[in-house]
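Numbered from 1 within each chain, the chains take letters A, B, ... in sequence-line order.
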Amino acid sequence: MTKKRKTSHIQRKLIPSYIFLIVVSFISVFPLFWMITAATNQSVDVARGRIWFGTYLAENFRNLLDRQDLWSAMGHSFLFAFVQTIVALLICSLAGYGFELYHDKQKDLVFSILLLAMMVPQVATMIPLYKMISGMHMLNTVWGFMLPAISTPFLIMMFRQNSRSFPVDVMEAARIDGLSELRIFFQMYMPIMRSTYAAAAVITFMNAWNAYLWPKVVLTDNAAQTMPMLIANLAAGYTVDYGVLMLGVLFCSIPTMIIFFVLQKQFAEGITGAVK
Amino acid sequence: MKKKGMSVTSKQHIAGWVYLAPATALIVVMSFYPIIQAVITSLKTGSSANMQWAEPIVYNYTRMFQDKLFMRSVGNTFLYLLVQVPIMLILAMLLAQILNNKDLKFRGFFRTCVFLPCATSLVSYSLIFKSLFATQGLINSILVNLGILEENYNFLGTAGSAKAIIIIALLWRWTGYNMVFFLAGLQNIEYSVYEAAKIDGANGWQTFWRITVPLLMPTIVMTAIMSINGTLQLFDESMNLTSGGPANSTITMSHYIYNNSFGQGVANFGYASAMSFFIFILVAILSAISMKVGDKRD
């Protein structure tokens with residue numbers, strides 16, 4: 001009896017919190033809900049303020065395909081993000097592993113110098129990198145897209161911090177068994193650290209998929225454009241068709257939304273990655 | 001015997017360096033070398049094919065401080081920084097504090113909702129907000145129907161409201177992101193600390209300012225540095241939400257630099273590099289200040 005009364009008392013005290021959370025949640029979710037309904041409506045109705053699902057989805061889809069090469073952009077976005085994720089994870093996890101499990105004074109110094117790269121803004125390196133990439137004839141290629149983004153201090157730090165929990169005695173035992181150094185990495189480290197890899201993969205894929213400034217610089221050919229570039233082009237005309245635009249935005253958001261809902265825990269871990 | 005042991009350790013020693021070599025080389029070539037190149041380019045003038053040393057050598061830097069448009073982009077960026085970052089961090093901390101309460105029901109649901117905007121790309125949400133606040137858009141039709149506005153208002157075509165909308169959009173996109181850090185930080189605080197405060201008769205407000213905030217200081221400093229860093233480099237929103245307009249009144253530094261290097265018109269790599277190096281210095285100074293402030297209160 002008393003326990004029940006106590007809970008209801010606590011819940012009553014939490015009413016302001018609930019109201020606040022409901023308001024914030026509504027504001028957070030509504031623009032995305034509206035994006036989805038707008039994709040099913042005619043542009044005029046969207047402008048008039050219709051917020052429920054309509055019947056124009058097929059029509060908008062046809063218009064979208066007429067205006068932009070949707071499948072090419074989806075294909076490029078998937079290919080680029082996928083390749084970048086795999087290469088970045090391999091290179092940064094190797095480095096994080098090396099910095100933590102083979103650490104000595106010189107390597108610690110190298111690591112702290114690398115961290116300085118966190119402060120280098122993208123716009124500051126954009127011009128020299130553009131010259132470099134175009135000099136190597138890598139404009140409009142996956143290499144040009146990902147080379148500046150595969151080795152990041154953030155990912156290296158994330159793997160380094162998480163490597164602290166890697167059992168060193170397992171390594172020693174493997175060495176006594178005669179496993180080569182590289183095989184210890186691939187056969188022991190990688191499987192044990194899979195949750196770190198999952199978090200790192202989610203965050204890297206998201207970043208690669210959503211990248212805009214650098215792709216805009218390096219993917220000069222319209223045929224190589226990615227999804228964020230495609231939807232930006234959709235909005236650039238004099239008259240904007242809101243139904244078509246929001247359908248494009250929806251296509252650009254579906255992969256990241258799916259990842260968000262399926263791997264939310266890994267996503268949160270990926271964001272806070274290097275913090276322990 | 002001894003000799004063999006030596007060779008194994010030296011093999012391990014080499015292995016360590018081999019592991020970190022690719023990542024280190026890439027950062028040197030893709031970050032450190034370009035920033036040095038940017039400084040050199042910033043001392044030159046001319047189009048990208050034939051560039052000469054500037055006359056005087058600091059020409060691009062003096063030009064920068066006399067360029068009203070660049071100064072406006074600096075002003076805009078700092079306005080976004082000073083208004084948006086504090087509001088966002090306080091909101092994020094507040095939400096984390098509320099969601100950390102074990103008695104609260106539907107915690108997972110609320111957390112997912114608040115975190116959801118992070119699933120959209122910066123271009124996507126910029127375009128969503130652009131459409132929502134268009135003259136012929138949802139917000140206008142709601143406000144007119146409610147009688148708050150007499151006729152449709154051109155939110156994005158008016159300097160003041162366009163700036164406000166960029167700030168609102170930034171708050172929408174990034175509050176949940178920062179909340180995740182505070183939730184992680186709060187979980188590291190022992191519950192017994194709060195129990196002790198309760199026994200000592202501290203109320204909710206006192207507990208928040210005297211216990212939660214000091215213990216969260218490392219998280220606050222880190223989120224502040226990240227937010228400052230991100231805001232100083234703001235590009236996607238300025239480019240896609242307002243296109244910098246009306247009449248460049250919402251343009252950010254990165255957007256202006258992009259216009260001067262890869263946008264319409266002449267590619268002015270020397271001048272753009274000078275401005276981008278200015279951002280680099282700003283990021284470094286502001287990060288150093290945030291770290292100092294955090295240290296003091298520790």
Side-chain angles (χ1 to χ4, degrees), chain A residues 10 14 17 20-21 24-25 27-29 31-32 34-35 47-49 51 91-92 94-95 97-99 102 107 110 114 117 119-125 127-129 147-148 150-151 153 156 181 209-210 212-213 217 228 231-232 235 242 245-246 249 252-253 256-257 260 264 268 271-272 275, chain B residues 11-12 15-16 19-20 22-24 26-27 30-32 34-35 37-38 41 95 98 103-104 110 112-114 116-117 119-124 127-128 130-132 136-138 141-142 176-177 180-181 184 222 232-233 235-236 240 254 257 261-262 269 272-273 276-277 279-280 283-284 287:
Chain A
I10 289 172
L14 281 172
S17 297
F20 181 66
L21 285 173
V24 173
S25 298
I27 294 171
S28 298
V29 175
L32 297 172
W34 178 81
M35 163 191 73
R48 263 189 222 129
I51 53 168
I91 286 182
C92 294
L94 256 178
Y97 173 71
F99 276 123
Y102 294 79
K107 291 193 191 88
V110 171
L114 289 191
M119 276 192 215
V120 176
Q122 216 185 357
V123 276
T125 56
I127 294 167
L129 281 177
L147 266 180
I150 43 184
S151 179
I156 299 171
E181 293 296 311
W209 182 275
N210 292 338
Y212 179 61
L213 175 56
V217 169
I231 56 173
Y242 291 115
L245 176 63
M246 284 304 126
V249 173
C252 182
S253 308
T256 49
M257 292 274 198
F260 176 85
Q264 196 189 142
I271 285 177
T272 51
V275 197
Chain B
K11 212 190 252 171
Q12 286 172 21
Y19 292 154
L20 52 89
T24 307
L26 272 168
I27 287 185
M30 296 290 154
S31 282
F32 294 147
I35 193 82
Q37 279 296 315
T41 313
L95 283 165
I98 293 174
D103 295 320
L104 193 85
F110 286 129
T112 303
C113 288
V114 178
L116 184 62
T120 55
S121 77
L122 302 185
V123 179
S124 295
L127 295 177
I128 293 174
K130 183 185 184 170
S131 310
L132 280 174
Q136 302 295 324
L138 180 68
S141 73
I142 290 175
Y177 180 91
V180 172
F181 286 87
M222 192 187 54
L232 288 178
Q233 298 185 47
F235 175 77
D236 301 24
N240 291 302
S254 291
I257 293 170
S261 45
F262 297 100
F269 282 173
S273 295
S276 68
F277 189 64
I279 298 190
F280 172 64
V283 171
S287 309

For T256(A) and A119(B), indicate whether the former's side chain and the latter's backbone hold a donor-acceptor pair under 3.5 Å.
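Side chain of T256(A) to backbone of A119(B), a donor-acceptor pair under 3.5 Å: yes, one is there.
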
Any side-chain to backbone donor/acceptor pair from Q122(A) onto Q233(B)? Under 3.5 Å, distance only.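 Such a contact is absent between Q122(A) side chain and Q233(B) backbone.
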
Which atom names give the shortest non-hydrogen contact between [X] and [Y], and what distance separates them?
X	Y	result
P228(A)	V123(B)	O-CG1, 3.6 Å
W34(A)	I128(B)	CZ3-O, 4.0 Å
I127(A)	A272(B)	CD1-CB, 3.5 Å
A38(B)	A124(A)	CB-O, 3.3 Å
M119(A)	A284(B)	SD-CA, 3.6 Å

Just so I understand: if I count every heavy-atom pair under 4.5 Å between each of [options] and chain B, which residue has the most?
options	value
A95(A), P153(A), S28(A)	S28(A)
I150(A), I156(A), V123(A)	V123(A)
Q264(A), M246(A), K107(A)	K107(A)
L32(A), I51(A), V24(A)	L32(A)
L213(A), V29(A), V120(A)	L213(A)
L21(A), L147(A), L14(A)	L21(A)

Any non-hydrogen side-chain atom of [X] less than 4.5 Å from a side-chain atom of [Y]?
X	Y	value
L132(B)	P31(A)	yes
S131(B)	L245(A)	yes
N210(A)	D236(B)	no

Find the distance between [atom1] ([X]) and [atom2] ([Y]) and round it off to the nearest 0.5 Å.
X	Y	atom1	atom2	result
I27(A)	C113(B)	CD1	SG	12.0 Å
T125(A)	F32(B)	OG1	CZ	11.5 Å
L129(A)	Q37(B)	CG	CD	10.0 Å
I91(A)	L20(B)	CD1	CG	12.5 Å

task = Measure up the Y19(B) and Y102(A) rings against each other and bin them: parallel (under 30°), tilted (30 to 60°), perpendicular (over 60°).
result =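 Rings of Y19(B) and Y102(A): perpendicular, as their planes differ by over 60°.
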
Residue [X] versus chain A: region with a heavy atom under 4.5 Å:
X	value
F235(B)	side chain
N240(B)	side chain
S273(B)	both
F110(B)	both

For chain A, which of [options] has the most heavy-atom pairs under 4.5 Å?
options	value
V180(B), L232(B), I257(B)	V180(B)
S261(B), S124(B), S287(B), S31(B)	S124(B)
T120(B), L95(B), T112(B)	T112(B)
V283(B), L122(B), L127(B)	L127(B)
I98(B), T41(B), I142(B)	I98(B)
T24(B), I35(B), L116(B), V114(B)	L116(B)

Cut-off 4.5 Å, heavy atoms of chain B, and the answer for Y242(A) is side chain

Worksheet item: What part of I231(A) lies closer than 4.5 angstrom to a heavy atom of chain B: side chain, backbone, both or neither?
Response: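 Both the backbone and the side chain of I231(A) come within 4.5 Å of chain B.
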
